[in-house]
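Heads up, the thing below is written out as structure tokens.
When a residue number appears, it is its place in the shown sequence, counting from 1. Whatever order the structure lists ligands and atoms in, that order sets their numbers, starting from 1.
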Amino acid sequence: MTASRVRITVTGAAGNIGYGMLFRIAAGALLGHGTEIELRLLEIPPAIPAANGTAMELVDGAYPLLRDVVVTGAPHVAFDGADIALLVGAMPRTAGMDRADLLAANADIFTVQGRAINDHAADGVKVLVVGNPANTNAAIARAAAPDRPGDAFHAMMRLDHNRALGQLALRAGVSAGEIERLAVWGNHSSTQVPDIDHATIGGLPVRERIGDDAWLDGEFTRVVANRGAEIIAARGASSAASAASAAIDHVHDWWLGTPGDGWTTIARPSQGEYGVPEGLVFGMPARARDGEWRIVEGLEWSDRVRGLIAATTADLEHERDAVRARGIPA
Ligand code: NAD
Ligand code: LMR
């Protein structure tokens, strides 16, 4: 993609992930070093002062590519003319809140933001939802933006993909860059399905190179799928730098393309590929070229993977139905 100046909206800009991503975006990690950047930072009123502090630090970084930073509490200002929207801010789960309450609280946020994107963003806007529950929030934002193409609304599963690469690299004693053709199917939740059945390390099938199916089908899968909770237990806060990095990886590839013949994992509304119900925002392997993603089709699932994918599909359908039961389109 070529554009000399790109407007990027980041919601939840005063939060931990926002702080982890904004300086890298300003430095050129998202779109390369030939593209100038304007930032629109959306926050809720109590966090506007902190977002202003982040904006001051962005100016103090004297980034050559950074041409403008605006902090606002108004979605129509934040998304006005946005080419890229990173929806990071979300309502955290608080004491006494059940999952349905959490889904509903976030549904309001993502409905408002989806509408604002529909009405104010630039043609061709690319939207990545990071705030949890990311897949269902993306489906809600998409439903609130009927004038935009559905495939403009993604949820982030690149962190799950990167986590799987990291575990395999550690185990095999190789660089993560030597691993290809991995996929993570389904929901960004503990039901996600890291799939190494097509993956290679240095050109060799992963199962052959690792030589331990029990580990691959057991501990590896559990560690990747539960990594978010494990990090919260260790840090006392959810992953932030790695989440910021994964969001940058996702949009970088969307903008500039996935390298070579390789693929990665994205979640966008299903168009029925692999029999996944249409509209579910579902993790699948994909390649990007010229700003468009194409799902990698024709991969075979083992019985084990097929069973796990049925469970993550049911998980996403359950989230969707809980939101719809409150009268919210998703
Ligand atoms: P955080 O609590 O540090 O920051 C969230 C920010 O969002 C806060 O500054 C808050 O004021 C803001 N916010 C809340 N509602 C908003 C709204 N309506 N508009 C604009 N801003 C709003 O949280 P964080 O660590 O930055 O994480 C952000 C979200 O990302 C959480 O939902 C977290 O669970 C999720 N997350 C997702 C992944 C993933 O892989 N998809 C990974 C890590 C974290
Ligand atoms: C993660 O995977 O690190 C987060 O989605 C965990 C969370 O609940 O914020």
Side-chain angles (χ1 to χ4, degrees), residues 9-22 40-55 71-79 85-94 97 99 102-117 127-138 140-141 144 154-164 166 184 186-192 194 223-251 264-268 281 283 319:
T9 304
V10 178
T11 76
N16 286 306
I17 295 176
Y19 200 74
M21 70 168 44
L22 286 166
R40 293 282 177 276
L41 309 184
L42 179 67
E43 261 296 352
I44 51 175
I48 294 261
N52 281 331
T54 301
V71 176
T72 179
H76 70 279
V77 175
F79 292 110
L86 291 155
L87 309 190
V88 179
M91 170 90 69
R93 190 167 182 162
T94 50
M97 213 181 210
R99 193 163 172 80
L102 179 71
L103 281 160
N106 278 296
D108 290 341
I109 293 173
F110 286 86
T111 299
V112 168
Q113 294 183 359
R115 245 183 239 138
I117 289 168
V127 182
L128 178 65
V129 176
V130 175
N132 278 321
N135 302 54
T136 296
N137 288 341
I140 291 164
H154 291 199
M156 186 166 88
M157 290 193 61
R158 184 62 169 264
L159 181 55
D160 310 291
H161 186 95
N162 288 349
R163 285 169 172 165
V184 185
N187 197 5
H188 172 67
S189 76
S190 58
T191 64
Q192 67 182 256
V223 166
V224 173
N226 294 292
R227 191 70 160 182
E230 200 188 346
I231 286 173
I232 290 171
R235 267 173 42 86
S238 66
S239 58
S242 57
S245 191
I248 288 170
D249 288 348
H250 183 127
V251 175
T264 184
T265 298
I266 63 164
R268 62 132 173 81
V281 176
E319 287 186 10

Between [X] and [Y], what is the shortest heavy-atom contact and its length?
| X | Y | result |
| --- | --- | --- |
| Val88 | Met21 | CG2-CE, 4.1 Å |
| Ala267 | Gly283 | CB-N, 3.7 Å |
| Pro133 | Asn106 | CD-ND2, 4.2 Å |

inquiry  = Looking at Thr265 and Val184, would you say the former's side chain and the latter's main chain have a donor-acceptor pair under 3.5 Å?
reply    = yes
request  = Without swapping roles, check the side chain of Glu43 against the backbone of Ala14 for a donor-acceptor pair under 3.5 Å.
outcome  = yes
note = Residues with a heavy atom under 4.0 Å from ligand 2, by chain and number, are Asn132, Arg163, His188, Gly228, Ile232, Ser238, Ser239
query = Looking at residues at least two apart in the chain, or sitting in another chain, which of them share a side-chain contact (heavy atoms from CB on, under 4.5 Å) with Ala246?
reply = Met156, Arg158, Leu159, Asn162
message = I'd like to check the side-chain contact (heavy atoms from CB on, under 4.5 Å) partners of Ala78; sequence neighbours left out, ordered by chain and number.
response = Thr9, Leu42, Thr72
Val129 side chain near His188 side chain, heavy-atom distance below 4.5 Å = no
inquiry  = Would you say that His161 contacts Asp249 through its side chain, given a criterion of any heavy-atom pair below 4.5 Å between the two side chains?
reply    = no
Does ligand 1 have any N/O atom under 3.5 Å from a protein N/O, and what are those pairs and their distances?
unit_1, atom_1, unit_2, atom_2, d
ligand 1, 3 (O), Asn16, N, 2.9
ligand 1, 3 (O), Asn16, ND2, 3.1
ligand 1, 9 (O), Gly15, N, 3.4
ligand 1, 9 (O), Glu43, OE2, 2.6
ligand 1, 11 (O), Glu43, OE1, 2.8
ligand 1, 19 (N), Gln113, NE2, 3.4
ligand 1, 21 (N), Gly12, N, 3.3
ligand 1, 26 (O), Asn16, N, 3.3
ligand 1, 26 (O), Ile17, N, 3.0
ligand 1, 32 (O), Asn132, N, 3.0
ligand 1, 34 (O), Asn132, ND2, 2.8
ligand 1, 36 (N), Asn132, ND2, 3.4
ligand 1, 40 (O), His188, NE2, 3.2
ligand 1, 41 (N), Val130, O, 3.2

